[in-house]
Amino acid sequence: MKIRLVNNGVFTLIDDIENTLTAPADGFYWIDADVEDLAVLQPLFSIHDLAVEDCLSEEDQRPKIEIYDNHYFIVVNSIRFDDEEIFLRSLNIFLGRHFIITITRQKINELRSLKPLLWEQEVNSPDRFMYLLIDLIVDNYFLVGDRIEVRIEKLEEDILMHTKKSHLNEIIGLRSEILWLKKVLGPQKEVINTLNKRDLRLIDEQLQKYFSDIYENAVKISETFDTYRDLMGNLREAYQSSIANRANEIMRVFTAITTVFMPLTVITGIYGMNFDNMPELHTRHGYFVVIGVMIALGSSMFLIFRKKDWI
């Protein structure tokens, strides 16, 4: 657990957590903690048992906001895209009048990216800290969306150039991840809308209006993932069409080859019958004549089929 006094974006480390119980002369306290630290933080800041239970839960947390007497409990999901796989990581935020507590199970990049931004904008209040943090989290969805779009375009190109059975697994897997993200984006969008429109005494009225921009971005992200979902449906149709066309091409080649050999089979069938009175059967060059006719007939049919682009 790290305790910092943030004064106009400048950090000062605090050793004794008891100092955070009273408001500083200027600035606010930022407590960056793990879930194990809740045993210390709960009695000090009167954190509600239900909020602690949510933080300790091993299951994925649904984005939400809960209003308590002296603090707000807010859950938002940060997104990561590593090794072609999407991860969501819950960020638990306790917002008070003179403090903000962030609790995570895994490292969240937005917390690290936020530090220079706090110094640049000389942040001096916990509500503005939370605004910038949520803004970074939502903006990161755009970056992940761009990478998903690149992956879709590459997958589409691969399917058109050379279809493989593995492409279907990629389509199904990516579509499932997109639908999963869509399911998460709905409640997260509502949380941001609540921060924008609801009368919240711990958030400055002027600052609260800025949450509308974040909400608009959240709506755009949701619409973008709707588009990606539709594109995945189109990709699946393209894959099935490509497989069907490939099967038709193979069948066309087989049919043409069968057609070429059909008259040759007729000739060999006739001369394979056990009759003595057959033309050219006992001539010296009869075998070579029949073979020559078969070669000429097969070659002619092959050239005709190639000219018509049948094979």
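- In this model, a donor atom of one side chain and an acceptor atom of the other lie less than 3.5 Å apart for Asp49 and Gln42.
- Atom CH2 of Trp180 has more than 12 heavy atoms from other residues, nucleotides or ligands within 6.0 Å.
- Between Ile100 and Ile31 the shortest side-chain heavy-atom distance does not fall below 4.5 Å.
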Verdict with supporting geometry, His98 and Phe28, ring pair (Phe, Tyr, Trp, His ring centres under 6.0 Å): CA-CA 5 Å; His98 69 278; Phe28 65 98; 9.8 Å; no
Verdict with reasoning, Arg128 to Gln121, per side chain to side chain contact (heavy atoms under 4.5 Å, CB included): CA-CA 10 Å; Arg128 184 160 183 81; Gln121 298 194 16; 2.7 Å; yes
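- Scanning both residues, Val191 and Ile74, for their nearest heavy atoms gives CG1-CG2, 4.1 Å.
- In this structure a side-chain-to-backbone donor-acceptor pair under 3.5 Å is missing from Arg229 to Lys182.
- Under the 3.5 Å distance criterion, the side-chain polar atoms of Tyr72 are matched with a main-chain donor or acceptor of Leu202.
- Of all heavy-atom pairs spanning Leu195 and Ile134, the tightest one is CD1-CD1, 3.7 Å.
- Between Leu41 and Ile47, some side-chain heavy-atom pair lies under the 4.5 Å cut-off.
- The main-chain N or O of Phe73 is never found under 3.5 Å from a side-chain atom of Tyr68 such that the two would form a donor-acceptor pair.
- Met262 and Leu297 fall into different hydrophobic clusters, where Ile, Leu, Val, Met, Phe, Trp and Tyr residues are linked whenever their side-chain heavy atoms come under 4.5 Å apart, directly or through other members.
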Test log, rule side chain to side chain contact (heavy atoms under 4.5 Å, CB included), inputs Asp37 and Ile101: CA-CA 11 Å; Asp37 299 318; Ile101 303 172; over 6 Å; no
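- Nearest heavy atoms, Ser78 versus Ile137: CA-CG2, 4.0 Å.
- Heavy atoms only, all atoms of each residue included: Pro126 and Gly96 are closest at CG-O, 3.6 Å.
- A donor-acceptor pair shorter than 3.5 Å can be found between the side chains of Asn124 and Asp26.
- A distance of 10.0 Å separates CD in Gln208 from OG1 in Thr194, rounded to the nearest 0.5 Å.
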Working for side chain to side chain contact (heavy atoms under 4.5 Å, CB included), residues Asn77 and Arg62: CA-CA 8 Å; Asn77 283 321; Arg62 186 177 186 272; over 6 Å; no
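- The environment of CG in Asp16 is crowded: more than 12 heavy-atom neighbours from other residues, nucleotides or ligands sit within 6.0 Å.
- For the pair Tyr215/Lys220, no side-chain contact is recorded, criterion being any heavy-atom separation below 4.5 Å from C-beta on.
- Residues Lys107 and Arg89 share a closest heavy-atom pair of O-NH1, 2.9 Å.
- No more than 12 heavy-atom neighbours from other residues, nucleotides or ligands sit within 6.0 angstrom of NZ on Lys2.
- Annotation: cation-pi pair Arg80/Phe87 absent, no NZ/CZ under 6.0 Å from the ring centroid and within 45° of its normal.
- Proximity of a side-chain donor or acceptor of Asn196 to a complementary backbone N or O of Phe211 within less than 3.5 Å is not detected.
- In this structure, Ile103 CD1 and Cys55 SG are separated by 4.5 Å, a value rounded to the nearest 0.5 Å.
- Taking 4.5 Å as the limit, every side-chain heavy atom of Arg4 sits out of range of all side-chain heavy atoms of Ile14.
- Leu117 and Trp119 fall into different hydrophobic clusters, where Ile, Leu, Val, Met, Phe, Trp and Tyr are joined by side-chain heavy atoms under 4.5 Å apart, directly or via other members.
- For His71 and Phe94, the distance between ring centers is under 6.0 angstrom.
- A donor-acceptor pair under 3.5 Å is absent between the side-chain atoms of Ser222 and the main chain of Ala218, judged by distance alone.
- Dense packing is recorded around CZ of Phe11, with more than 12 heavy atoms of other residues, nucleotides or ligands lying under 6.0 Å away.
- Between the side chains of Glu110 and Asn140, at least one donor N or O lies within less than 3.5 Å of an accepting N or O.
- We find the CG-CE distance between Leu132 and Met130 to be 10.5 Å, quoted to the nearest 0.5 Å.
- Of the possible polar contacts, one joining the Thr20 side chain to the Ile17 backbone as a donor-acceptor pair under 3.5 Å is found.
- Leu143 is not connected to Ile214 by any chain of hydrophobic side-chain contacts under 4.5 Å among Ile, Leu, Val, Met, Phe, Trp and Tyr, and they are in different clusters.
- When side chains are defined from C-beta on, Asn193 counts as touching Glu190, because their heavy atoms get closer than 4.5 Å.
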Chi angles and distances behind the side chain to side chain contact (heavy atoms under 4.5 Å, CB included) call for Leu179, Phe225: CA-CA 8 Å; Leu179 291 175; Phe225 279 95; over 6 Å; no
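- Side-chain contact between Ser299 and Ile295: present, with at least one pair of heavy atoms (C-beta onward) separated by less than 4.5 Å.
- Taking 4.0 Å as the cut-off between side-chain N and carboxylate O, Asp34 and Arg105 do not count as a salt-bridged pair.
- Annotation: side chain of Arg151 is not in contact with side chain of Tyr228 (no heavy-atom distance under 4.5 Å).
- Between Glu66 and Lys64, at least one side-chain N (NZ, or NE/NH1/NH2) sits under 4.0 Å from a carboxylate O, which counts as a salt bridge.
- Side-chain atoms of Asn92 never come within 3.5 Å of backbone atoms of Val75 as a donor-acceptor pair (strictly under, hydrogens ignored).
- Each of Leu111 and Val10 belongs to its own hydrophobic cluster when Ile, Leu, Val, Met, Phe, Trp and Tyr are linked at side-chain heavy-atom distances under 4.5 angstrom.
- Here the CG-CD distance, from Leu155 to Glu157, works out to 10.5 Å after rounding to the nearest 0.5 Å.
- Annotation: the span from Leu118 atom CG to Glu122 atom CD amounts to 11.5 Å, rounded to 0.5 Å.
- Contact check for Thr104 versus Ser90: no side-chain heavy atoms found under the 4.5 Å cut-off.
- The two residues Pro24 and Gly27 make their nearest non-hydrogen contact at CG-O, 3.4 Å.
- Note: Phe45 and Phe99 have tilted aromatic rings, judged against thresholds of 30 and 60 degrees for the angle between ring planes.
- Taking CD1 of Ile192 as the start and NZ of Lys197 as the end, the distance is 13.0 Å to the nearest 0.5 Å.
- No option in Ile93, Thr102, Leu95 other than Thr102 meets the side chain to side chain contact (heavy atoms under 4.5 Å, CB included) test with Phe129.
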